Amino acid sequence: MFQNQWQQTTTHTSAHLAQTMTLLSLTAAELQQKIDSELANNPALELVEERRCPMCKRLLPPFGPCPICSQPKSENSDDPIVFISPREDFYTGTGTGISEVPDEPYASEMIDLPTYVLKQAAADLKVEDRLIAAYILNHLDEDGFLTITPIEVARYHHRLPSEIQEIIELLKRCDPVGVCSAHPAEAMLAQVESLAENIEIPAFTREVIKDYLPKVSQHHFSDIARALKSSTQQIQNVANFISENLNPFPARAHWGDVRNPNASGSEAFHQPDVLIYYLNDNPANPLVVEIILPVRGTLKVNQLFKDALKSVEEEHAVEWKEDIEKASLLIKCIQQRSNAMKLLLEQLVVLQKDYIISGDKKMVPLTRAKIAEELGLHESTISRAVSGKTIQLPNKKIVPMAVFFDRSLSLRTVIKEMIEHENTPLSDSEIKEKLEEEGVSIARRTVAKYRSMEGILPAHLRSNSKS
DNA sequence: CTATGGCACGGATT
DNA sequence: AATCCGTGCCATAG
């Protein structure tokens, strides 16, 4: 009986399928937004109480027992535990998630970047300028850069470009410092100015940022020194300062090995969709894979509402019925999304286990198509499920899920290590040969490409001067 | 002449 | 159909 009704809703193909697709491609944070708005607009949708595991106090998934406590004690520890978890609140990126209070709960007021910046700037803006500021903030890309030019804004609002520029300058000083810049260099300059108020800035820093950023990333220090009539050592200092204190992408959570102390505010915008960690953070324990479901408690169709449907006049009945349909559809779709994510992660974690445990080098080349085949799902499903999502690894790094499908990552790290351990600088073709001895066949040109991807400068400029 | 970076083409992936 | 990636060829720098 219940089953039947369920089935009917699911097999209602077109619209439902479409919605599942859409939901699948949403990240945890986006999904939460969606659910919140649905909850507010649809009276038939109800959020019932959260359940906690009596043992570990962790929030329980919508159905079933606690995934962790219910694990049989002596289990084949090779099998990672994969499960869907309600969000325990937003994580800071360091916690295990188990009975731990988040340090920085952003969730209570999850505001988006534009709002966040506007709040800070509002006080310093003239009333008539706020609208413009809001307009500008709404035209930022995910890194916090402008997608429009000041000229365009000026035309649109019938103001002088200089006035617009003033507003932008103001916005640049707000929390993710450098937001609203046109490119990384500009953002970094803004950060320099802001830092200059408190600490000393190495000489030439501004000049280097302005004109030689690409060279810095390639470690072409001597070139820059020559051009600026400075010393290589001095430029090296500047480069260190830059990498330690500046963030080229103010609004982006910095993943990978870019460390950045002054990024307090920006990190909160990228919550991982999946957490992978050792149970209780002990590497001896099995891996736990936790898929964040941004809902506390259980979502369901309000039973009272359903009952009330029978005793209501005709005109409303239609409308109400629609609401109920919509609600149950949404729930169904969310379940499907969760299910797909779970299937995907189960495969992914098993296949890439070495990578998760021991790092980039062990990455297995993998394509979305292969996974799709394994799972019997369509490639596009996998694509959607992967795109935009991020995963937190046991080592606390947050990486895009797409790296699990990066065919070259493992080779790149091998090359990187090879160069790190080299005595005499190896040329690209020498590296190619070495790799071939290890059974890897790859073109010389490709070595060069990987090398530059890793920001390693060419052999002849890599004379053994260790800093 | 050797080592690299740029451009662009073709096949694989999404 | 659109994009990404590995490569080959060629120009350039040293």
Side-chain angles (χ1 to χ4, degrees), chain A residues 17-18 20-27 141-143 211-227 232 256 273 337 340-341 343-345 347-348 351-352 355 360-361 363-391 399-416 418-420 422-465:
Chain A
L17 204 65
T20 314
M21 293 296 224
T22 332
L23 289 187
L24 195 57
S25 59
L26 296 182
T27 69
D141 66 14
E142 66 212 17
D143 292 330
D211 299 324
Y212 302 101
L213 222 40
K215 296 237 176 206
V216 171
S217 56
Q218 290 161 33
H219 297 212
H220 266 91
F221 300 139
S222 47
D223 286 12
I224 306 173
R226 217 175 305 136
T232 306
D273 298 275
R337 174 188 190 272
M341 291 287 283
L343 284 175
L344 170 63
L345 265 293
Q347 280 287 309
L348 216 49
L351 289 171
Q352 297 289 22
Y355 163 70
D360 294 352
K361 215 188 348 179
M363 169 68 62
V364 175
L366 200 56
T367 77
R368 292 160 175 81
K370 276 206 188 80
I371 291 275
E373 198 191 341
E374 288 286 327
L375 292 175
L377 295 174
H378 192 64
E379 316 142 82
S380 70
T381 312
I382 307 293
S383 250
R384 293 191 171 281
V386 169
S387 74
K389 309 281 193 318
T390 57
I391 296 188
V399 300
M401 202 185 286
V403 303
F404 280 71
F405 299 93
D406 188 327
R407 269 166 297 157
S408 59
L409 185 61
S410 100
L411 261 185
R412 293 205 311 262
T413 28
V414 171
I415 292 176
K416 190 159 94 184
M418 198 178 279
I419 293 179
E420 265 163 22
E422 81 194 351
N423 292 318
T424 6
L426 295 165
S427 78
D428 286 347
S429 22
E430 283 169 326
I431 294 178
K432 172 205 149 99
E433 307 238 307
K434 281 212 167 201
L435 282 172
E436 220 130 63
E437 285 167 23
E438 295 180 26
V440 189
S441 178
I442 170 182
R444 173 240 113 213
R445 187 65 189 77
T446 311
V447 174
K449 212 156 193 180
Y450 287 170
R451 185 174 44 66
S452 65
M453 274 187 196
E454 293 296 331
I456 301 171
L457 60 167
H460 60 283
L461 293 176
R462 201 165 1 105
S463 49
N464 281 329
S465 57

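Note: hydrogens, waters and symmetry copies are ignored here, and every other heavy atom, side chains too, is used. Just so we're clear, the structure is a prediction, and the values are computed from it rather than from any experiment. Below, read A as the first sequence line, B as the second, and so on, with proteins coming before strands; counting in each chain starts at 1.
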*Asks:* Please state how far atom CG in A:Asp406 lies from atom P in C:dC5, giving the value in whole angstrom units.
*Replies:* 7 Å
*Asks:* Rounded to the nearest angstrom, tell me the gap between atom NZ in A:Lys432 and atom P in B:dT4.
*Replies:* 14 Å
*Asks:* When the distance from CG of A:Asp428 to C1' of C:dG8 is rounded to whole Å, what number comes out?
*Replies:* 15 Å
*Asks:* Are A:Thr367 and A:Glu379 close enough that some pair of their side-chain heavy atoms sits under 4.5 Å apart?
*Replies:* no
*Asks:* Quickly work out the A:Leu409 CG to C:dG6 P distance and round it to whole Å.
*Replies:* 12 Å
*Asks:* Please list each protein N or O that sits under 3.5 Å from an N or O in nucleotides 11-14 of chain B, with the distance.
*Replies:*
from   : atom 1 : to       : atom 2 : distance (Å)
B:dT14 : OP1    : A:Arg368 : NH1    : 2.7
B:dT14 : OP2    : A:Arg368 : N      : 3.3
B:dT14 : O3'    : A:Ser383 : OG     : 2.9

*Asks:* To the nearest Å, give me how far apart CD1 (A:Ile419) and C1' (B:dA3) are.
*Replies:* 14 Å
*Asks:* Is there side-chain contact between A:Asp406 and A:Arg412, with heavy atoms separated by less than 4.5 Å?
*Replies:* yes
*Asks:* What pair of heavy atoms forms the shortest contact from A:Ser427 to A:Ala459, and how long is it?
*Replies:* CA-CB, 3.8 Å
*Asks:* A side-chain contact here means heavy atoms from C-beta on lying under 4.5 Å apart; do A:Leu344 and A:Met401 qualify?
*Replies:* yes
*Asks:* Give me the atom names and distance for the closest heavy-atom approach of A:Gln352 to A:Leu366.
*Replies:* NE2-CD2, 3.7 Å
*Asks:* Could a donor-acceptor pair under 3.5 angstrom be found where the side chain of A:Arg445 meets the base of B:dG6?
*Replies:* yes
*Asks:* Verify the contact: side-chain N or O of A:Tyr450 to OP1 or OP2 of C:dC5, cut-off strictly under 4.0 Å; return yes or no.
*Replies:* no
*Asks:* Let's see if you can work this out: which of B:dA3, C:dT7, C:dC9 has an atom nearest to the side-chain heavy atoms of A:Arg444?
*Replies:* C:dC9
*Asks:* Do A:Leu435 and A:Leu411 come within less than 4.5 Å of each other through their side chains, counting heavy atoms only?
*Replies:* yes
*Asks:* Base, sugar-phosphate, or nothing for A:Ser408, non-hydrogen atoms under 4.0 angstrom?
*Replies:* sugar-phosphate
*Asks:* Kindly point out which of C:dG8, B:dG5, B:dA3 is positioned nearest to the side chain of A:Ser427?
*Replies:* B:dA3
*Asks:* Rounded to the Å, how far apart are A:Glu436 CD and C:dT7 P?
*Replies:* 10 Å
*Asks:* Let me know the distance between CG of A:Leu435 and C1' of C:dG6, rounded to the nearest Å.
*Replies:* 14 Å
*Asks:* Where the side chain of A:Ile442 is defined as all heavy atoms beyond and including C-beta, which of C:dT7, C:dG6, B:dT4 is the nearest nucleotide?
*Replies:* C:dT7
*Asks:* Once you round it to whole Å, what is the distance between P of B:dG6 and NZ of A:Lys449?
*Replies:* 10 Å
*Asks:* Which is true for A:Arg451 with a 4.0 Å heavy-atom rule: it touches a base, it touches only sugar-phosphate, or it touches nothing?
*Replies:* sugar-phosphate
*Asks:* Identify whether the distance between the nearest side-chain nitrogen and carboxylate oxygen of A:Asp360 and A:Lys416 falls below 4.0 Å.
*Replies:* no
